[in-house]
Every structure is written in structure tokens, then in C-alpha cells.
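These notes are about the structure you will find just below.
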Amino acid sequence: MSTIGIAATHLKYSLIETARVPMAIIGALVFPAISLLFFVVPQAAIAEDPRLATHAVIAVSIFAVMAGCLFNVGLDLAERREGAWDPYLRTMPVPGLARVLAHGARVLIIAIAAVLPVLAIGALLTAAEASAAGTVAGLGMLVLTAVPFVLLGTVIGYGLPPKAAIPVIMVAMMSLAFGGGLFLPPQLFPSWLADASAFLPTRQARELVIWAVQGGELAWWAPIGVLAWSGALLLVSVALLRRDAGRRFR
Amino acid sequence: MTTAPLAVLDRVTRRFGASVALDDVSLAIEPGVVLGLLGPNGAGKSTALSLLQGLRRPTSGTVSLFGGDPQHARSRAGLGSTPQQTALPPTLRVGETIDFIGAHFDDRMPTAQLADEFGLTVLLKRQNGALSGGQRRRLAVALAFVGRPRLVLLDEPTTGLDVDARRSLWDAVRRQHELGTTVVLTSHYLEEIEALAERVVVLGEGRVLVDDRLDAVLGVVDRRRVLLRTPHPEALAGVPGIDRRVDDDGLVVIDTADSDALIRELVLRGIPFSDLRVHGASLEEAFLALTAEPSA
């Protein structure tokens with residue numbers, strides 16, 4: 001069978017596994033929609049202002065993607081590493097690329113599934129607006145700015161056992177979300193936090209996606225920051241991966 | 001039928017940091033046999049299998065599988081192996097697990113047929129997490145055969161099973177072998193190797209200690225341990241048939257191939273003894289004898 005065909009098979013059974021315990025991903029799917037409902041919709045000052053409401057919908061979408069990546073890459077990897085099923089699949093007569101593709105597709109599907117309710121709530125219950133082209137560009141930029149989150153998930157997954165991965169993911173997710181201006185707009189930050197915020201991948205993603213959707217001026221540090229985070233996290237991931245592959249067992 | 005080996009380890013050494021898991025091991029797996037890899041924990045059995053599965057690279061030497069490099073996916077098309085029983089994804093059903101693994105092979109055995117061979121038919125709709133230890137083990141072994149492989153690697157296939165479950169699994173493996181599959185199995189149970197293997201390789205501390213037909217190996221590892229007390233342990237020095245003797249404050253421990261002959265000899269020579277006990281040496285003890293005296 002072709003690599004793509006096998007990747008599709010792996011994806012199918014991984015989604016079946018997920019569907020059997022849907023609670024495992026319900027947090028990733030529902031939490032972003034709920035935070036939009038509770039934090040944004042009741043605040044008329046934001047919800048009824050097209051520009052601010054759009055920013056808020058974008059911020060929560062980034063949160064959805066980040067949460068999806070951290071949980072589905074980080075926790076999944078940590079659990080797979082603990083088990084012996086993944087090494088067994090590695091003995092099958094198909095290239096490793098098939099498993100990587102299947103895993104990437106799964107993360108993408110879950111992230112998009114988490115973003116869709118956010119977009120729906122934003123369109124129906126707030127004044128948020130975006131052109132068709134802006135929406136497509138924004139979704140594309142969401143995927144690009146997810147790279148640091150996927151890599152952060154990889155670092156957590158290869159660096160920690162599952163029991164330690166869960167609290168670390170929670171802490172990382174919450175501090176990145178608040179610090180990056182995903183729950184409260186950065187305009188409300190005290191100046192020191194607004195400065196620090198520019199160093200976080202979530203804040204950088206927020207600037208980039210807003211720019212992709214609405215145009216306007218892009219802060220110079222946003223693309224550089226995303227690239228720097230990606231590079232640094234890639235190096236750490238590769239180092240951890242090497243350490244993992246050299247793990248001794250008989 | 002070709003007699004070219006299905007898999008070859010040629011002067012393979014595999015190190016993990018400072019320790020040596022395999023030390024200059026050469027081994028050819030000929031088609032049609034059941035080869036038993038026997039040895040205590042840490043002898044290098046699983047390392048040897050992981051090299052054949054392409055999960056690891058040798059530190060030096062070469063490993064070939066069906067004439068290719070086991071690290072290449074294509075080379076593994078004729079290879080079947082078992083996951084650890086704890087590895088099965090708990091939420092997948094038995095039938096789904098078989099279909100999932102079967103999808104990797106071009107000419108796979110239909111799920112119903114495989115389930116019938118391994119007594120899994122009534123379990124196909126059950127989730128893996130709901131299976132008993134013995135049922136999981138049957139599924140794990142069955143998965144090795146789903147792709148109609150030419151070579152199957154079974155790592156400790158029946159460890160932890162009760163006698164009945166063990167025998168029925170052995171029968172299933174034997175049937176597959178009779179259909180033409182070559183089998184390599186590791187075990188530290190002599191009984192399991194006796195039941196299935198035709199050729200036996202004994203590994204110890206990463207080296208091949210014995211590579212011979214089953215009956216020859218049984219002659220080497222089937223020993224007795226005799227314990228007795230005697231006031232004159234020095235008189236034992238000239239007695240024939242003593243492979244290994246340890247004196248411990250009047251208690252003497254003797255390893256021998258023939259305990260009956262040894263005891264007759266003690267009586268004939270008038271050597272006084274008391275507290276006589278004889279038991280079959282465990283495989284562990286037999287390995288100890290092999291490792292201590294490679295010439296034995």
C-alpha cells in the first residue's frame with residue numbers, strides 16, 4: 001500500500017481511538033468556545049465593536065490551536081513513548097513518514113475542529129467581521145504560527161512522562177494565553193507586561209493573524225519572534241529525540 | 001526451495017553506552033526452522049530481535065533481512081512480530097487491531113481466518129482493554145502472522161500464561177510453522193524451547209554460547225544439582241562426573257549430568273554422606289555452568 005494510504009489508515013484508527021474516549025479532547029474542543037462566550041460576548045464594549053470583536057475571535061482561535069497542539073502533540077507523545085505500541089508500528093513495512101503524516105493530519109483536524117465553533121460564535125454573537133480572503137489568509141497564518149506550539153508540544157512530549165506533562169501543559173497553556181493577550185487584549189496590560197508579552201509566541205501569533213485578516217501595520221518583532229521560537233524549539237526537540245532514540249532497552 | 005538464509009547477523013556488536021548487549025555475534029536463520037533463542041535476562045535476546053526488526057542499528061557488523069537492510073521499510077515486508085501484550089491500544093476492538101496491522105501487508109490473512117486459527121473469533125468485537133492476559137497474548141502472537149510473513153519473531157510469547165493457554169498457543173504457532181513460516185522465538189523457559197524449537201542458540205552476556213540441534217543442547221543444559229553433607233569433602237576430588245563443586249562449611253553442592261551414576265559411585269567408594277537432596281538444575285544454573293566453563 002502507498003505511504004499516503006497507510007497514513008490514512010493510521011489516521012483512521014487514531015481517530016477511532018479518540019472517538020471511543022471523546023472526553024479526552026472535549027477540553028480542547030469546548031474550552032475555547034466557552035472562553036469566547038464568557039470573556040467576550042457579555043462585554044458590549046468589545047463584542048459590539050467590529051475591530052475589537054474580530055481581535056477577540058482571532059485571539060481565542062489562537063488559543064484553540066495552541067491548546068490543541070499542546071495536548072494532542074505533548075500529551076500524546078508522552079503517552080506513546082510510555083507505551084510499546086508505537087515501537088511496534090515502527091516494525092511495520094512502511095516508511096516512518098506515514099506515521100508523521102498521520103499524526104500531523106490528526107493535530108490539524110482537531111485544531112480546526114476547535115476553531116470552527118469559535119468562528120461560528122464570533123460571527124453570530126459578536127460584531128466581528130472579516131472578508132472571505134481575510135478569513136482564508138487568517139486560517140493559513142493560524143497554521144503557520146502553530147509551528148512553535150507543535151514544537152513546544154514535541155519538547156514536552158519527549159521531555160516528560162505523561163503525569164508530569166499534564167500540569168506542565170496546563171501551566172504553559174494558561175501563562176502563554178494570558179501573557180500573549182489571548183484572554184485580555186494587550187492594550188489593557190500594564191506597560192511592563194505589554195513589553196514582556198512581545199517575547200511570547202502567542203502574542204506574536206496574535207499580531208500575525210490580525211495582520212493577515214485585517215491588514216495594516218505589522219510589528220517587526222512578530223515574524224522574527226515566531227521564527228526564533230521555531231528554531232530554538234526545533235533544536236531542543238531534535239536533541240530530545242536523539243536522546244530518546246538512544247534509550248537503552250534489551 | 002531456496003536455502004539462502006532469511007536473515008543474517010554477521011559479526012554484530014551492539015553497545016549501549018559502556019555495556020555490551022551483543023558481542024561479535026554471527027547467526028544465520030535458515031528457512032523452514034523454528035529457532036529458539038535461549039538465555040537469561042540481559043543476555044541480548046531482545047537486542048538481537050530489535051536489530052532484525054530495524055528498530056536499532058548495530059554498533060558494528062551487519063544485519064541483513066531477506067537480503068536487504070532491515071532499516072528499510074521494504075525489507076520488512078516478509079517479517080512478522082509481536083507487540084508487547086501491554087502495548088495493544090486499549091480502546092480499539094480486537095477485529096480493528098487485526099485489520100489495522102493487516103493493512104500494512106499486501107497479501108494479508110483475512111481477519112476471520114486468523115481469528116479462527118488463534119481462538120479469537122468470539123472476541124473480535126471486544127475492546128483490547130477488556131481482554132484477559134492470555135487473550136491479549138493470543139492476539140499479540142496472532143498479529144505476527146496476519147501478513148502471511150516468511151519469518152516471524154516471537155519475543156517471550158507465553159511468559160505469564162497458565163499451562164493450558166500456553167499449550168494452545170504453542171499448537172497455533174506449530175500449525176503456522178507447518179504451513180511454511182520460519183519462526184524465531186526467545187524464551188527463558190526451557191520447556192517452551194523444547195516444545196517448539198528444532199535448533200537452539202544459547203546467548204549469555206551478549207555472546208553465542210551454544211548453537212546446535214535441540215537434543216544436543218538439552219544434553220548440555222539438562223543437569224542435576226546434588227546437595228549433601230560429608231565430613232570428608234576432599235574425598236570427592238577424584239569422583240568422575242562432577243562438573244562443578246562448591247563446598248560450604250560441610251554442605252557440598254555438586255552439578256552433574258547424571259546424578260544416579262554419581263551417587264552409586266559415592267556409595268561404592270564408601271564416602272560417608274547425609275542430608276542427600278537431588279533436584280534438576282534450573283536453566284539459570286545451567287547457564288551459569290555454561291558461562292563459567294564455555295568448554296563444558
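Keep in mind that this is a model prediction, so the values were computed, not measured. Order of the sequence lines sets the chain letters (A, B, ...), proteins ahead of strands, with each chain counted from 1.
Looking only at heavy-atom pairs under 4.5 Å with chain A, the residue among B/P83, B/A87, B/A48, B/G147 that has the most is B/P83. Per-residue heavy-atom pair counts under 4.5 Å with chain A were compared for B/P89, B/A77, B/G78, and the maximum is reached by B/P89. Contact count against chain A (heavy-atom pairs under 4.5 Å) is highest for B/T91 among B/L52, B/T91, B/T82. Note: A/M92 leads A/M92, A/K12, A/R90 in heavy-atom pairs under 4.5 Å with chain B. When each of B/L49, B/L22, B/L79, B/L143 is checked for heavy-atom pairs under 4.5 Å with chain A, B/L143 comes out on top.
A donor-acceptor contact closer than 3.5 angstrom links the side chains of B/T186 and B/D155. Defined by atom type and a distance below 3.5 Å, a donor-acceptor pair is missing between the side-chain atoms of B/R14 and B/S50.
Surrounding CZ of A/R20 are more than 12 heavy atoms belonging to other residues, nucleotides or ligands, all under 6.0 Å away.
Electrostatic pairing of A/E17 and A/R106 does not count as a salt bridge here, judged by no charged N lying under 4.0 Å from a carboxylate O.
Remark: of the listed residues B/T97, B/D99, B/T121, B/D99 is the sole one forming a side chain to side chain donor-acceptor pair (under 3.5 Å) with B/T111.
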